[in-house]
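In what follows, every chain begins at residue 1, and chains take the letters A, B, ... in the order their sequences are listed.
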Amino acid sequence: MSYKAPRGTADVLPGDSRKWQWVEETIKQVCRRFHYEEIRTPLFEHTEVFQRGVGDTTDIVQKEMYTFEDRGGRSITLRPEGTAPVVRAYVEHKMYGQANQPAKLYYFAEMFRYERPQKGRMRQLNQFGVEVLGSADPAIDAEVIDLAMSCYREMGLTSLKLVINSLGDKESRENHRQALIEHFSPHKHELCSDCQMRLENNPLRVLDCKQDREHPAMRTAPSILDYLNVSSRDYFEQVKEYLDAIGIAYEVDKNLVRGLDYYNHTAFEIMSEAEGFGAITTLAGGGRYNGLAEELGGPSTPGIGFGMGLERLLMALDAENQKIPVDRSLEAYVVAVDNQAQKEAIRLVSTLRKNGIQADKDYLGKKMKGQFKAADRYQTKFVLIIGEDELKDQTVTVKEMSTGNQKTIDRDKLIDFMKEKCLGGKGHE
RNA sequence: GCGGCCGUGGCGAAGUGGUUAACGCACCGGAUUGUGGCUCCGGCAUACGUGGGUUCGAUCCCCACCGGUCGCCCCA
């Protein structure tokens, strides 16, 4: 009997984990530059946090959540997205009362969505995300978008498209919603079954339908941008001006609609335009959610953020042929020529490590040639040999693999020699 | 959730209704008794996704399931 990882999940093995580490490190550095702080929230929440936060009629809540009852009879849900939990934490810990506002937060977290898996669409997926709470300045919208784009740029991605839209404030949305219902209702029977439902629940989504895209009513449908009230329109204009000011190119797509209920005002999506990316091109998506904190029981607090799929980021790097700098070398490999030398070899490895030098040895009882072969495969910089002669003379033979040069050094001078060679007297970062 | 395609050792990849299921890579050992590559020689491995069915006999044909993949839906 053998087992497989459950459908839609994946193991990250050593070859790939280095890539993940690099991606995470790179993003964290960007976050530091933007002055954002990490927040970590639980893997699961009370189901209600998502029902109220994300919205009862959304696909995520209706058919994609991993929900179960725990032993205490509570309804628990594995987080399907990152914003609602962060806002919940912000409200719960009364972070609105803290001195430093707005709260500029980032997270790395795995999300869970019960969907049919595909490449770039997993049931357990990893996201990097950012949430800013407490500022309704359009400049922060631009900053958040800048942060997302900077992460991609930092990793060398170039084939990207930023799409933005405004969903307006509550009043604008309501007016638009009414207009949509009035516009589509006469054609209701001509629309696909999904759209007939959408027309009742969330008419905005009709605009996003791929099936009815060619329907004549689509072209004449009322655009949200025409229904923005003065303040909403003004807000959107300012966001665009700030984006222009920091040199970020974008495209306005009046049909860009986000799938979660909490969004208003600024909505954006970053897509890959790299060849062979298939149907799934969205790398990151986000927007403003000014009513969410209130919805989750807190004071009225503006917020904006995004989620970035890390599996898709790795795919994009791959599609653009961006090589991830992965250092697989090893500083020292200790070779024991025979059994007599084992003890000394083990002692030497341990001493090297205590002195900050990467060191390893053979544990398979290989002969000398096999040990060298292993050292070669590990891209070892120095092989340290201990054999009969070295034991007798209290020395170690050091071979620099790149040149093939080797010399014999007194045992008590070895560590200083290796430190000089490997650490340059400065030590590791 | 819907439709198409796919599933052979660790990886890649032939193949057939019937005695030991090719080959390449990788790995291990030897040629080279204290030294990496190449070459040559030898070796290795829980391999036909799972379960049924048809058949004298199935890795091959049929069905179901599982998994992957592509498209739809939706999204990261």
When A/Thr9 and A/Val337 are each assigned the nearest nucleotide of RNA chain B, the 5'-most assignment goes to A/Val337
Could you tell me how far B/rG7 sits from B/rG15 if I compare only their P atoms? Round to whole Å.
12 Å
Of the candidates B/rG34, B/rG36, B/rC73, the side chain of A/Arg121 sits closest to B/rC73
Heavy-atom closest pair (A/Ala332 atom, A/Met418 atom, distance to 0.1 Å) is CB-CE, 3.8 Å
Kindly say whether A/Val86 contributes a backbone atom to a donor-acceptor pair with the side chain of A/Thr41 at under 3.5 angstrom?
no
Is A/Arg116 side chain donor-acceptor paired with the B/rG3 base, going by distance under 3.5 Å alone?
yes
Identify whether any heavy atom of A/Arg377 sits under 4.0 Å from a base atom; if not, whether one sits that close to sugar-phosphate; answer base, sugar-phosphate or nothing. sugar-phosphate
- Message: Within the 4.0 Å heavy-atom criterion, would you say A/Gly8 contacts the bases, only the backbone, or no part of the nucleic acid?
- Response: sugar-phosphate
Pick base, sugar-phosphate or nothing for A/Ala375, based on heavy-atom distances below 4.0 Å to the nucleic acid.
-> nothing
What nucleic acid atoms does A/Leu125 come within less than 4.0 Å of, heavy atoms only: base, sugar-phosphate, or nothing? base
Of the candidates B/rG34, B/rA76, B/rC28, the side chain of A/Asp389 sits closest to B/rG34
Using atom P in both nucleotides, what's the gap between B/rG49 and B/rG12 to the nearest angstrom?
14 Å
In whole angstroms, the gap separating C1' of B/rG1 from CZ of A/Arg123 amounts to 11 Å
Please report the distance separating the P of B/rC5 from the corresponding atom of B/rC11, rounded so that it comes out in whole Å.
25 Å
Check: When all nucleic acid strands are considered with a 4.0 Å heavy-atom cut-off, which category describes A/Arg7: base, sugar-phosphate, or nothing?
Finding: sugar-phosphate
Between CD of A/Gln371 and C1' of B/rU32 the distance, given in whole Å, is 17 Å
(Q) Distance check, P atoms only: B/rG17 and B/rG3, in whole angstrom units. (A) 31 Å
Between CZ of A/Phe372 and C1' of B/rC38 the distance, given in whole Å, is 18 Å
Gap in Å between the two C1' atoms, one belonging to B/rU8 and one to B/rU16, rounded: 13 Å
Next on the checklist: Heavy atoms only, 4.0 Å cut-off, all strands: where does A/Met368 land among base, sugar-phosphate and nothing?
Outcome noted: base
A/Tyr333 OH to B/rG36 C1', in whole Å, measures 12 Å
Between CG of A/Asn405 and P of B/rG36 the distance, given in whole Å, is 15 Å
Notebook entry, point to check: Base, sugar-phosphate alone, or nothing: which one does A/Glu81 contact when heavy atoms must sit under 4.0 Å apart?
Noted result: nothing
Comparing nearest nucleotides in RNA chain B, the 5'-proximal residue of the pair A/Glu269, A/Ala5 is A/Ala5
Of the listed B/rG34, B/rC2, B/rG36, the closest approach to the A/Met401 side chain comes from B/rG36
Problem set entry | P gap between B/rG9 and B/rU46, integer Å | 13 Å
### Query
Roughly how far apart, to the nearest Å, are B/rG10 and B/rG51 at atom C1'?
26 Å
Q. Looking at B/rU35, does its base get a donor-acceptor pair with the side chain of A/Lys399 below 3.5 Å?
A. yes
Report task. Using the C1' atom as the reference point in each nucleotide, state the distance between B/rC48 and B/rU59 in Å, no decimals. Result -> 4 Å
Quiz item: Using the ring of each side chain (for Trp, its six-membered ring), is A/His265 parallel, tilted or perpendicular to A/Tyr235, with breaks at 30° and 60°?
Solution: tilted
Testing B/rA76, B/rU35, B/rG29 for proximity to the side chain of A/Thr282, the answer is B/rA76
Item to complete: For A/Glu390, answer base if it contacts any base atom (sugar-phosphate contacts may also be present), sugar-phosphate if it contacts only those atoms, and nothing otherwise; contact means non-hydrogen atoms under 4.0 Å.
Response: base
Here the distance between atom C1' of B/rU35 and atom CD1 of A/Ile385, to the nearest Å, is 6 Å
Separation of B/rA31 atom P from A/Lys367 atom NZ, nearest Å, is 8 Å
Partner of A/Leu310 under side-chain contact (heavy atoms from CB on, under 4.5 Å), picked from A/Leu125, A/Leu283, A/Ile27, is A/Ile27
Touch check for A/Gly370, heavy atoms < 4.0 angstrom, all strands: base, sugar-phosphate only, or nothing? nothing
With heavy atoms under 4.0 Å as the rule, sort A/Gln406 into base, sugar-phosphate or nothing. base
field: Derivation of the side chain to side chain donor-acceptor pair (under 3.5 Å) call for A/Tyr378 and A/Gln358
entry: CA-CA 12 Å; A/Tyr378 291 137; A/Gln358 305 160 0; over 6 Å; no
Next item on the list: Report yes or no: is the cationic atom of A/Lys104 (NZ for Lys, CZ for Arg) closer than 6.0 Å to the six-membered ring centre of A/Tyr106, at no more than 45° off its axis?
Entry: no
Between A/Phe108 and the options A/Gln127, A/Lys28, A/Arg40, the side-chain contact (heavy atoms from CB on, under 4.5 Å) test singles out A/Lys28
RNA chain B in dot-bracket form (Watson-Crick or G-U pairs under 3.5 Å, [ ] crossing, | inter-strand) is (((((((..(((.....[....))).(((((.......))))).....(((((..]....))))))))))))....
- Classify the nucleic acid contact of A/Gly120 as base, sugar-phosphate or nothing, counting any heavy atom under 4.0 Å across all strands shown. base
Discussion item. Within the 4.0 Å heavy-atom criterion, would you say A/Glu311 contacts the bases, only the backbone, or no part of the nucleic acid?
Written reply: nothing
- With ring centroids as reference points, do A/Tyr107 and A/Tyr36 lie under 6.0 angstrom apart? no
For A/Thr9 and A/Met122, the nearest pair of non-hydrogen atoms, with its separation, is C-CE, 3.7 Å
Between NZ of A/Lys369 and P of B/rA31 the distance, given in whole Å, is 9 Å
Donor/acceptor link under 3.5 angstrom from A/Arg312 side chain onto base of B/rC75: yes
Q. If only atom types and distance count, is the side chain of A/Gln371 paired as donor or acceptor with the main-chain N or O of A/Lys366 below 3.5 Å?
A. yes
The side-chain contact (heavy atoms from CB on, under 4.5 Å) partner of A/Leu384 among A/Val349, A/Thr397, A/Leu414, A/Ile409 is A/Leu414
Of the candidates B/rG68, B/rC70, B/rG34, the side chain of A/Gln118 sits closest to B/rC70
Mind checking if A/Met111 touches a base, just sugar-phosphate, or nothing, with heavy atoms under 4.0 Å?
nothing
